[in-house]
Protein chains: 2
Amino acid sequence: MAVRRQPTLRDVAAAAGVAVSTASRALTRPGRVNANTADRVVAVAKELGYIPSASARALLSGRTATVALVLPDVTNPFFFGLVRGTGARLRESGYVQVLADTEESAEVELDTLRKLRGQVDGAVLAASRLSDEQIGAAAADLALVVVNRTIPGTPGVLLDTAGGMVQALEHLASSGHTRVAYASGPATSWSDRRRREALEPAAVRLGVELVVLGPYAPLRASGAQAADAATDAGVTAVIAFNDLLAFGVLERLDARGIAVPERMSVIGCDDIFGADLVRPALTTVASPVEQAGRMAADLLLARLEGGRSGDEDGDGFDEPAVSARDAAFPVMLPTRLIVRSSTGAAG
Amino acid sequence: MAVRRQPTLRDVAAAAGVAVSTASRALTRPGRVNANTADRVVAVAKELGYIPSASARALLSGRTATVALVLPDVTNPFFFGLVRGTGARLRESGYVQVLADTEESAEVELDTLRKLRGQVDGAVLAASRLSDEQIGAAAADLALVVVNRTIPGTPGVLLDTAGGMVQALEHLASSGHTRVAYASGPATSWSDRRRREALEPAAVRLGVELVVLGPYAPLRASGAQAADAATDAGVTAVIAFNDLLAFGVLERLDARGIAVPERMSVIGCDDIFGADLVRPALTTVASPVEQAGRMAADLLLARLEGGRSGDEDGDGFDEPAVSARDAAFPVMLPTRLIVRSSTGAAG
DNA sequence: CTGAAAGCGCTAACAA
DNA sequence: TTGTTAGCGCTTTCAG
C-alpha cells in the first residue's frame with residue numbers, strides 16, 4: 001500500500017562496503033572489477049531489491065529506452081497487429097513502448113509529437129494525419145519511422161495494399177465482372193490515392209469499367225451510403241477502402257435483400273478480426289501488419305543504436321535485414337487477396 | 001534527420017539574460033517573478049523551442065507522470081475499451097500511458113512489474129495472472145489499481161459479469177430452457193469462479209439444470225470442443241465464458257448443421273467487436289469497460305495526487321466520485337444482457 | 001582494481 | 001524580485 005523508498009546505488013555501495021563508482025561498475029560491466037567484489041555487490045543489490053533509476057540514467061545518457069507508437073485510433077482493429085509487432089521487437093531490445101492515440105486529429109498528433117520529444121528516443125508514426133512537411137519538421141527533433149507513408153529522408157514501411165486491390169480486381173474480372181466500384185476512403189489518405197492510381201490502369205488493362213465512389217469515412221457506419229451508391233451505379237461488385245466499410249456495405253445489402261455474392265460481390269481490405277466471422281465471410285486483402293510493425297521497430301532501433309542489423313526470427317520470410325544504411329529507403333511489404341464467400345461470378 | 005541537441009533551461013536563461021532559477025520560476029510559476037522578466041523568458045523559451053527535460057524533472061521529484069496499463073494480451077478485443085478509457089483519463093491529467101503486454105504469463109507479468117518500478121508512478125493491472133499475495137507484494141513497491149480482482153488494501157474496479165450471466169440464465173429460463181450449459185473459462189480466472197458461484201444458486205431458483213463444461217481457453221479455437229460437449233450433454237443452450245469462445249461455438253454448430261437458435265441457443269460475454277456481425281448475431285453480456293478504465297485511472301490518480309476527486313463527465317451515470325479514502329474499496333460496475341438472434345425458445 | 005569528484009537538467013532552499 | 005548553491009541517482013573521467 002504505502003510505497004516504500006527505493007534503495008539507491010548508494011545504499012547498495014554502503015551495504016557492500018565499496019564506493020558508488022565501484023558498485024556502478026560491478027553492476028554495469030562486471031569485467032572491470034574484481035570478481036569477488038563484483039559478486040558481493042551483485043548479491044547485495046539483489047538482496048536489497050535494487051533497481052537502477054531510469055530517470056537518472058536517462059538524464060545522464062540522454063536516452064530513455066522508450067519508444068512511442070503514434071496512432072490515429074488505438075481501437076481500430078487494423079492497428080492491433082502493429083501494436084503487437086512493434087511491441088514485441090521493442091521489448092526484445094529492452095525498450096518500453098508507449099502508446100499515443102491522436103484521436104484522428106492532426107493537431108493532437110502534432111502536440112503529441114512535441115511532448116514526446118525528450119520523453120522518448122524515437123517514434124513509429126502510423127497512418128499519420130500530418131503533411132509531409134510537418135512530418136519532416138518533426139523528424140528533425142525526434143527519430144521517426146513512418147508506416148504507410150513516404151517521406152523523403154525518413155525511413156518507412158509500406159504495405160502494398162494497392163497491389164492487393166489490383167489482385168482483387170483481377171479476381172473479379174476473371175469471374176466475369178465488367179463493371180466494378182471502388183468505395184474510396186478519406187480524401188487525405190495517402191493509401192487511398194495510391195490505390196486509385198493502381199486500380200485505374202489495371203481496370204483498363206482488364207477491360208473492366210471502374211467507378212470510383214466516395215470518399216467515405218472508413219467506418220462501418222458509412223457502409224450504407226456506399227452500398228446504395230454502388231447499386232445506383234449499376235455495378236456487380238464493390239471493392240471497399242477497408243473491412244470496416246465493407247462490413248457496413250454487407251449489412252446494408254442484407255437489409256435491402258440484395259444477395260451477396262449472387263447479385264453483388266463485396267471485397268474489403270485489411271483482413272481485420274471479424275472478416276471471416278461475418279456471413280457471407282468477407283473476401284479481403286490481407287497485409288502482414290505485424291511484420292510491418294516488427295520492421296518499423298527494427299528500422300527505428302537501427303537508427304537509435306546506430307547500425308544494428310535486423311534479426312530474422314523464422315516467421316518472417318521475405319523479411320530483409322535492416323541496417324541504418326537502408327533506413328532511408330522505405331520497405332514495401334506484399335499483400336495478398338483472401339478469397340471467401342462474399343465474392344462470386346458476376347450477377 | 002539528424003536529431004539536433006535540445007535547448008536546456010540554461011540556454012534559455014542565457015539567451016534571456018537571467019539566472020537558471022529565474023528562468024525556471026518564470027516557466028513554472030509566473031506569479032513569483034517580475035512580469036516583464038517572465039514574459040521575456042517565456043518568449044525566448046518558445047523561440048528556442050525549449051521543452052523541459054522529463055528525466056531531470058523525474059529525477060528531482062521522483063515522479064514520472066507516466067502510468068502503465070498491464071494486460072495479458074493487448075490484442076484481445078475485450079481490453080480495447082480499457083486501453084481507451086484509462087488512456088483518455090490519464091491524458092487529461094497530463095500523464096503518459098505505457099502499455100505492457102504480459103503474454104498471458106505470470107512470470108512475464110512479475111518481471112514487467114519489477115521493471116516498471118521507478119519508471120512509472122503507478123499501474124493499472126487488468127486480469128492479472130498473479131496470486132493475491134504476489135499482487136499484494138507488488139503493491140508495496142508501486143501504486144496499483146486492479147481491474148476485475150479483489151485484493152485487500154488495493155483499490156480496484158469490478159465488472160459484474162456474474163450478474164450479467166444470471167440475467168442470461170433468466171432470459172433462457174423464461175424462454176423455456178430447462179437444461180443449460182456453462183462453458184467455463186480458465187481455471188485460474190477469478191471472474192470465472194465468481195460466475196459459477198452466481199450461476200449455481202440462480203439455476204436452482206429458476207428450476208434450471210446447470211451443466212458446467214470445461215475449463216476452456218477463452219479463444220475461438222476452443223469453441224468446437226465446447227460445442228460438442230454441449231450437444232453431448234443434451235442441453236438446449238450454452239452460456240460461454242466469453243464472446244471469443246462463443247464465436248467458436250457458433251462456427252462449430254454451423255459446421256455440424258445444428259441450427260441456432262432453433263436447436264441450440266448461444267450466449268457470450270463482453271460484447272466485443274464482431275458480436276453483432278456474426279450470423280446469427282450473438283446475444284451477450286455487455287460491460288461498461290471503457291467506464292471501468294476511466295474509473296481505474298481515477299482511482300490511481302487519486303492515490304498519486306493525494307485526494308483529487310473523480311470528475312463526472314456526463315456520460316457516466318452511476319459513476320461515483322472517487323477519493324483517496326474510497327480507494328481501498330473496489331467499485332462494482334453493472335453489466336447488462338444484450339439479446340440478439342442467437343437465443344430463442346427452447347428447441 | 002578502486003575511490004573521489006564532476007556533472008547530466010532541473011527545482012528548491014537560502015541569500016542578497 | 002533575483003541570483004547562488006546544493007543535490008536528485010547515476011556514470012564516467014581522473015587519480016591513487
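Nothing here was measured: the structure is a model prediction, and the numbers come from that model. Below, read A as the first sequence line, B as the second, and so on, with proteins coming before strands; counting in each chain starts at 1.
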Separation of dT11(C) P from Arg63(B) CZ (nearest whole Å): 14 Å
Which of these, Leu130(A), Leu158(A), Ile135(A), sits in a side-chain contact (heavy atoms from CB on, under 4.5 Å) with Val146(A)? Ile135(A)
Ala56(B) has its side chain closest, among dG3(C), dT11(C), dG9(C), to dG9(C)
Regarding Glu109(B) and Ser128(B), do their side chains bring together a donor and an acceptor under 3.5 Å, going by distance alone? yes
Categorize Thr37(B) for me: base, sugar-phosphate, or nothing, with a 4.0 angstrom heavy-atom threshold over every strand shown. sugar-phosphate
Whole-Å distance between dG7(C) C1' and Leu9(B) CG? 16 Å
Which part of the nucleic acid does Ser55(B) contact within heavy-atom distance under 4.0 Å: base, sugar-phosphate only, or nothing? nothing
Approximate separation, where rounding is to 0.5 Å, of Gln119(A) CD and Leu116(A) CG: 7.0 Å
With nearest nucleotide decided by heavy atoms, which residue, Gly17(B) or Leu59(B), maps closer to the 5′ end of DNA chain D? Gly17(B)
State the CD1-CG distance between Ile151(A) and Leu144(A), to the nearest 0.5 angstrom. 9.0 Å
side-chain N/O Arg29(B) vs dA12(C) OP1/OP2, d < 4.0 Å: yes
Tell me: CZ of Arg10(A) to C1' of dA5(C), nearest whole Å? 13 Å
Residue whose closest nucleotide on DNA chain C lies nearer the 5' end, Ala23(A) versus Ile51(B): Ala23(A)
Considering heavy-atom distances to DNA chain C, does Arg57(B) or Val33(A) have its closest nucleotide positioned more toward the 5' end? Val33(A)
Would a distance-only check, ignoring hydrogens and angles, find a side-chain to backbone donor-acceptor pair under 3.5 Å from Arg129(A) to Ala127(A)? yes
Could you check how far CZ of Arg25(A) sits from P of dG3(C), rounded to whole Å? 8 Å
Anything under 4.0 Å to a heavy atom of chain B counts; send over the first and last such nucleotide of DNA chain D, read 5' to 3'. dT1(D) to dG9(D)
Can you tell me if the side-chain N/O atoms of Arg32(A) get under 4.0 Å from OP1 or OP2 in dC1(C)? no
When all nucleic acid strands are considered with a 4.0 Å heavy-atom cut-off, which category describes Thr8(A): base, sugar-phosphate, or nothing? sugar-phosphate
Pick base, sugar-phosphate or nothing for Ser61(A), based on heavy-atom distances below 4.0 Å to the nucleic acid. nothing
Could you tell me how far apart Leu60(B) (CG) and dA12(C) (C1') are, to the nearest whole angstrom? 8 Å
Would a 4.5 Å heavy-atom cut-off, applied to side chains only, mark Val74(A) and Phe80(B) as touching? no
Which nucleotide, dA5(C), dT11(C), dT2(C), lies nearest any side-chain atom of Ser21(A)? dA5(C)
Between Leu27(B) (CG) and dA12(C) (C1'), how many Å, whole number? 16 Å
In this structure, NZ of Lys115(A) is separated from CG of Leu113(A) (nearest 0.5 Å) by 12.0 Å
